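The structure appears right after this line, and notes come after that.
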Amino acid sequence: METAQDQGFTAGNLQGENTFNMDQHRLEKLQKLTENNVQPYVNSFKIPFSIKEVSERFENTDGHELLEKKYTFTVAGRVMAMRQFGKVNFLNLKDRTGNIQAYLKKGDLAEDQYNVFELTDVGDFVSISGFVFRTKTGELTIYAERFSLLTKSLRDLPEKFHGLKDVEQRYRRRYVDLIVNDNVRNIFRKRSAIIQEVRNFFLSKDFMEVETPMMQPIAGGATAKPFVTHHNALDMPLYMRIAPELYLKRLVIGGFERVFEINRSFRNEGLSTRHNPEFTMIEWYMAYADYYDLMDMIETFVRNIAIKVCGTAKIPFNGRIIDLESPWKRMTMEQAIVDLGEKGITLEQLAEYDSARKTAEDLGIFINNSWGKGRIVLEIFENTVEEKLFDPIFITDYPKEVSPLAKSRKDNPEITERYELFIGGFEVSNGFNELNDPIDQKERFEKQVAEKEAGDEEAHAMDSDYIRALEYGLPPTAGAGLGIDRLVMLLTDSQSIREVILFPHMRPEDAG
RNA sequence: GAGCCAUUAGCUCAGUCGGUAGAGCAACUGCCUUUUAAGCAGUGGGUCGUUGGUUCAAGUCCAACAUGGCUCACCA
């Protein structure tokens, strides 16, 4: 049998280097185990039942019946706590489904197994076979008749009571965070459930799930700086996608009238509690629908997901309750500025460039000379209204100037048929009737290209193939994106996006 | 990119006016046959983020740097 020593992996030489700062006592135990021909890392171990299956089966069985019937099971998991009490020992075992207590008594176990147990630490993976009983306090417990070590852990877990709190260490060692902080585990379980519910909703509406390129020759579909990479064999630059939008609409043109993609996108911008360089969203496109249909869909599925995942549509967030249950408000951007923004602003002030600019400047908002009225109105909205939007609200009638891919209204070409959804003070979703006039689209791209040449790194590049695709004909289509990370933040009462991303981006630990 | 705050034992944290580094948990050694933040007695554990500076003397004061958090800017 190959031992740790054969692999040059001994306590002695690890202590000598001590590169990994492992616990010396654990290394000594590891060495003793290998000296006694006990595998500290077994190759394979299979168990028929999870801890939850065992504990749920007997949760209503009283102690007398358990002693009489002696139901015997094998469980496996990580040792989370050990309490020695004379010749008996209690340990808490944890697997993906839950916790159960085990009881080990010296003399009841074969001596060689008890010797292995004595070399076991909190953090090790073990398996225990025995019958189920209840302790004096009534706690369901496995009475160990067989014990084996499955995997030795060489590092101490954080303290049992306070756990791991240091935010930096929690993100850098998310695995430890997940081992000891059940609330963190639950956030990511909820995240997974939310994504499944989103997927199920669209599948149930006859949408097709697709995958489009993450590396693109032209990064389009949003206003954002892309990450750049390079393809060696083709000797060409490639951009990490900032949105899947233009590819998804090509698919609608190709006849897939209802498509969605749960996608990771990448934006080369600053980090914040609401921005991670890579983030997850869902985009969906639906032919023969308009942006009112999109708003109806979102309201339905977000409310239903909240009920399914949180058990209620009135969810706690940042010390308040967000009401997802009542019908969601819809309001035009200019009306929102008047009703919800700084007092004293009128619709008339927002109607013309000069008065809108003066209104903005009076509010201390910086105005670039190249901006038109639409951009100025958006700035006023973002500065005075956005953070106040706590309960869900759809803001509609976005200016054409800031909506290069949305269709203009027939009665007012400067306004697009578009909404943005705000919940909890930030944007969660954005959707609109898709611009399908290739000539109009080409003109808007050209305008963006001019802005790009003037120095705006976030302006759209010309995507000639997309124009060509539109020339074949895109049916009347509505499309939307919804930030999954932000939805998860809302439904888990997380104030930082990094709390809902398993491995948020960090600078290297050893920098400098 | 800017401002503010933090960094002390494996973890959670104290550390007063600048005067030789502390606690709890964890670990280790004993005792204890139904404990559960078990208990009792004892032991070991530190480059106080890094590098400079001031001072007789720095965890403590100053500066720079590193990492993180929050706020702002950019953005979804």
Side-chain angles (χ1 to χ4, degrees), chain A residues 20-29 63 80-92 99-108 121-123 133-141 143 153-173 176-177 179-181 221-225 242-243 263 265-283 366 382-383 386-387 402 420-422 426-430 456-458 480-487 489 495-499 504-512:
Chain A
F20 302 102
N21 196 26
M22 285 175 284
D23 184 84
Q24 294 212 349
H25 293 115
R26 289 174 186 249
L27 289 169
E28 284 160 18
K29 289 174 185 173
M80 296 305 292
M82 294 174 92
R83 291 176 296 280
Q84 206 183 16
F85 194 96
K87 291 181 177 56
V88 307
N89 301 270
F90 295 90
L91 47 88
N92 293 345
N99 299 278
I100 198 162
Q101 179 171 262
Y103 176 91
L104 279 86
K105 191 164 142 189
K106 191 172 185 175
D108 282 5
D121 292 296
V122 169
F133 78 110
R134 285 190 187 279
T135 63
K136 276 182 183 171
T137 55
E139 181 166 349
L140 204 68
T141 303
Y143 195 111
S153 166
L154 297 181
R155 286 184 187 257
D156 290 336
L157 287 178
E159 197 215 345
K160 61 188 171 189
F161 190 60
H162 296 94
L164 182 65
K165 286 198 161 156
D166 184 285
V167 177
E168 181 175 354
Q169 293 308 323
R170 284 185 44 234
Y171 296 160
R172 287 197 193 281
R173 307 188 198 188
V176 181
D177 194 24
I179 291 168
V180 299
N181 292 326
T223 50
K225 268 179 274 181
I242 54 175
N263 69 93
S265 287
F266 309 85
R267 298 190 184 174
N268 204 344
E269 289 158 355
L271 286 70
S272 82
T273 49
R274 288 167 193 177
H275 302 85
N276 197 61
E278 54 182 298
F279 64 104
T280 303
M281 63 171 163
I282 174 165
E283 281 199 9
F366 170 80
E382 287 181 346
N383 279 282
E386 191 170 320
E387 65 179 9
V402 296
E420 282 199 7
L421 169 65
F422 295 86
F426 51 83
E427 185 193 334
V428 174
S429 174
N430 173 24
D456 184 351
E457 288 180 81
E458 296 179 358
L482 182 142
I484 295 289
D485 309 288
R486 290 184 174 181
L487 180 62
M489 285 171 70
Q495 305 310 311
S496 168
I497 197 168
R498 296 156 84 83
E499 291 294 340
H505 179 74
M506 304 286 277
R507 283 191 160 90
E509 252 177 301
D510 51 7

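Because only heavy atoms are used, hydrogens play no part in the values below, and waters and symmetry mates are left out as well, while side chains stay in. Keep in mind the model is a prediction, meaning the values are calculated, not measured. A, B, ... follow the sequence lines: proteins, then strands. Residue 1 opens every chain.
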Sorted by chain and residue number, the side-chain contact (heavy atoms from CB on, under 4.5 Å) partners of A:Glu159 (sequence neighbours excluded) come out as A:Phe161, A:His162

Test side-chain contact (heavy atoms from CB on, under 4.5 Å), reference A:Pro158, set A:Asp166, A:Ile179, A:Val180, output is A:Val180

Please confirm whether the shortest side-chain N or O distance from A:Ser272 to OP1 or OP2 of B:rG69 is below 4.0 Å. no

request  = In plain terms, say whether A:Arg170 and A:Glu499 are close enough for a salt bridge, that is, a side-chain N and a carboxylate O under 4.0 Å apart.
outcome  = yes

From CD of A:Glu269 across to C1' of B:rC74 the rounded distance in Å is 6 Å

With both pairing distances under 3.5 angstrom for Watson-Crick or G-U wobble, and | for a partner in another strand, the correct string for RNA chain B is (((((((..((((.....[..)))).(((((.......))))).....(((((..]....))))))))))))....

B:rG68 OP1/OP2 closer than 4.0 Å to side-chain N/O of A:Arg172: yes

Taken to the nearest whole Å, CD/A:Glu168 to C1'/B:rG68 is 4 Å

Does a side-chain N or O from A:Lys136 land closer than 4.0 Å to OP1 or OP2 of B:rU36, or not?
no

When rounded to whole Å, the CG to C1' distance for the pair A:Asp166 and B:rG10 reads 13 Å

Rounded P spacing from B:rU55 to B:rC13 in Å
37 Å

Side-chain N or O of A:Arg267 versus OP1/OP2 of B:rC74: is the shortest distance under 4.0 Å?
no

- Message: Please give the distance between the P atoms of B:rU51 and B:rG15 as a whole number of Å.
- Response: 25 Å

Check your understanding: Hey, is the side chain of A:Gln101 pairing donor to acceptor with the base of B:rU35 inside 3.5 Å?
Key -> yes

Within the structure, does a side-chain N or O atom of A:Arg507 lie under 4.0 Å from either OP1 or OP2 of B:rU67?
yes

The residue, A:Arg26 or A:Gly163, whose nearest nucleotide of RNA chain B is more 5′ is A:Gly163

Margin query: Does a side-chain N or O of A:Thr273 approach OP1 or OP2 of B:rU71 to a distance below 4.0 Å, or not?
Written below: yes

**Asked** Any salt bridge between A:Asp156 and A:Arg26, counting N to O under 4.0 Å?
**Response** yes

For A:Phe133, the ring-ring contact (aromatic ring centres under 6.0 Å, His included) test, sequence neighbours excluded, returns A:Tyr103, A:Tyr143

A:Arg274 CZ to B:rU71 C1', in whole Å, measures 11 Å

Do A:Glu139 and B:rU34 have a side chain to base donor-acceptor pair shorter than 3.5 Å?
-> no

Check: Can you tell me how far P in B:rA21 sits from the matching atom in B:rG46, rounded to whole Å?
Finding: 13 Å

